[in-house]
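Worksheet for the structure shown next.
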Amino acid sequence: MRSTGFEQSLHDGACHLWHWRPAAFEGRLRERALSFLSPEELARHSRYLVPQPGRTFLAARVFLRSVLSIYHPLPPRSWQFETNPWGRPRVTNLGPRNRFDFNLSHKPGQVTCLVGYGRDLGVDVEDAAANRPYLFDIADRFFSSSEAAGLRALPPPNQLERFYELWTLKESYIKARGIGLSL
C-alpha cells in the first residue's frame, strides 16, 4: 500500500493543533489568497457585506487548506469538502475510507485548526477579552444548573475566565460529535 503521508506525521488517534493570527490580506497577497478558494468558497466570500467577517472567512479557508497540504501532497486549491446534515465539513477527495479529520474555529484576528487521524475532533476559539453583558443569561440557557451556579459563586474577576473555559469545552465537544446544536 502506498503511503499517503499521514502515517509519517499523524498516527492513529493523534492530533495536531494549529493557531494563526492573520494580518489583513491586501493587494497581491489577497489575490493569491483568493486563488486558494473553490468556486463555492469564492461565491460565499463575495456575499459578505461587512469587510471584517469576509477577511476572517478568507483567512480561515486559506489557513485550513494550507495546513491540510502539510499532511498530504495536495496543493491548497485542490482540497474538496462536503458537509454533513448539521454542517460539519469533511474532506472528500481522499477516498471513502479516509480517517483524516479536521475542525476549524475562527474569530476576527484568530484562526485555529485541529487536524487528526482516526478520531473525532472539535475545537473552539473565543475572544476572552470580549465583554459579555449577558454572561449569566447565556450560562442559564446553555450550562447545566450546577455549572451556572458555580459560575455565579466565583468572585467577579474569575467569572469571565470560567465562562470561557466552559463555553469552549462545550463548543468543542459539540463540534467533535458533528451533530450541531441538536445535541
Side-chain angles (χ1 to χ4, degrees), residues 1-12 14-130 168 171-172 174-181:
M1 179 171 130
R2 194 168 76 84
S3 170
T4 62
F6 298 134
E7 299 86 10
Q8 297 167 5
S9 58
L10 285 176
H11 60 284
D12 203 20
C15 61
H16 295 161
L17 181 67
W18 297 81
H19 184 76
W20 181 38
R21 292 187 180 274
F25 293 112
E26 302 294 337
R28 293 184 62 179
L29 183 57
R30 184 175 186 277
E31 290 174 29
R32 175 80 171 124
L34 289 170
S35 76
F36 279 38
L37 304 186
S38 70
E40 297 81 16
E41 290 167 328
L42 281 169
R44 187 171 164 195
H45 180 263
S46 71
R47 289 191 298 265
Y48 282 98
L49 301 176
V50 178
Q52 182 59 47
R55 285 191 295 266
T56 301
F57 173 82
L58 179 59
R61 300 315 292 186
V62 167
F63 185 58
L64 171 64
R65 289 171 168 281
S66 299
V67 167
L68 294 179
S69 290
I70 291 168
Y71 295 94
H72 195 277
L74 278 176
R77 173 86 166 90
S78 297
W79 290 95
Q80 296 173 9
F81 308 96
E82 69 180 12
T83 57
N84 73 11
W86 298 276
R88 179 181 171 83
R90 71 174 199 87
V91 173
T92 60
N93 55 331
L94 296 181
R97 298 170 81 191
N98 165 39
R99 297 184 60 217
F100 183 56
D101 198 13
F102 70 91
N103 197 247
L104 185 68
S105 184
H106 50 81
K107 298 286 182 220
Q110 311 183 60
V111 184
T112 300
C113 182
L114 187 60
V115 179
Y117 185 79
R119 66 184 314 164
D120 295 329
L121 301 173
V123 67
D124 186 47
V125 62
E126 296 290 339
D127 180 1
T168 55
E171 283 280 330
S172 298
I174 288 168
K175 291 173 78 175
R177 294 290 307 272
I179 56 175
L181 291 176

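A quick note: this is a predicted structure, and the numbers were derived from the prediction, not measured.
- Under a 3.5 Å cut-off, the side chain of K175 and the backbone N or O of L104 do form a donor-acceptor pair.
- When all heavy atoms are compared, the tightest approach of H106 to A60 is CD2-CB, 3.4 Å.
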Residue pair F57, E41: steps toward the side-chain contact (heavy atoms from CB on, under 4.5 Å) verdict: CA-CA 9 Å; F57 173 82; E41 290 167 328; 4.2 Å; yes
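- Taken to the nearest 0.5 Å, the CH2 atom of W18 stands 10.5 Å off from the CG atom of L68.
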side-chain contact (heavy atoms from CB on, under 4.5 Å) assessment of D124 paired with I174: CA-CA 10 Å; D124 186 47; I174 288 168; over 6 Å; no
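- Here the OG atom belonging to S38 is positioned 10.0 Å from the CZ atom belonging to R44, to the nearest 0.5 angstrom.
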Stepwise side-chain contact (heavy atoms from CB on, under 4.5 Å) test for I70 and V115: CA-CA 11 Å; I70 291 168; V115 179; over 6 Å; no
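- Within the 3.5 Å criterion, the main-chain N or O of V123 finds a donor-acceptor partner in the side chain of N103.
- No donor-acceptor distance shorter than 3.5 angstrom exists from the side chain of D120 to the backbone of G178, with no hydrogens or angles considered.
- Residues E171 and S105 are not in side-chain contact: their nearest non-hydrogen atoms beyond the backbone lie 4.5 Å or more apart.
- Note: W79 and H72 have perpendicular aromatic rings, judged against thresholds of 30 and 60 degrees for the angle between ring planes.
- When all heavy atoms are compared, the tightest approach of S66 to F36 is OG-CE2, 3.4 Å.
- With a 4.5 Å cut-off on side-chain heavy atoms, L37 and L58 count as touching.
- Between L114 and F102 the shortest side-chain heavy-atom distance does not fall below 4.5 Å.
- No donor-acceptor pair under 3.5 Å is formed between the side chain of Q110 and the backbone N or O of K107.
- A cation-pi contact links R61 to F81, judged by a cut-off of 6.0 Å to the six-membered ring centre and 45° from its axis.
- Aromatic ring pairs are classed by plane angle as parallel below 30°, tilted from 30° to 60° and perpendicular above 60°; the pair F100 and Y71 is tilted.
- Taking R90 as the reference, E82 meet the salt bridge (Lys or Arg N to Asp or Glu O under 4.0 Å) condition, with sequence neighbours excluded.
- For the residue pair P76 and R65, the shortest heavy atom distance occurs at O-NH1, 2.7 Å.
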For residues 28-35, dump all side-chain donor-acceptor pairs below 3.5 Å to protein atoms at least two apart in sequence or in another chain.
residue : atom : partner : partner atom : Å
S35     : OG   : R32     : O            : 2.6

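- Counting heavy atoms from C-beta outward, H19 and C113 have side chains that stay 4.5 Å or more apart.
- The nearest pair of heavy atoms linking S78 to L74 is CB-CD2, 4.0 Å.
- With hydrogens and angles disregarded, no donor-acceptor distance shorter than 3.5 Å links the side chain of T168 to the backbone of V125.
- Taking the side chain as every heavy atom from C-beta outward, R88 and D101 approach each other to under 4.5 Å.
- Nearest heavy-atom pair, P22 versus G109, reported as atom, atom and distance to 0.1 Å: CD-O, 3.6 Å.
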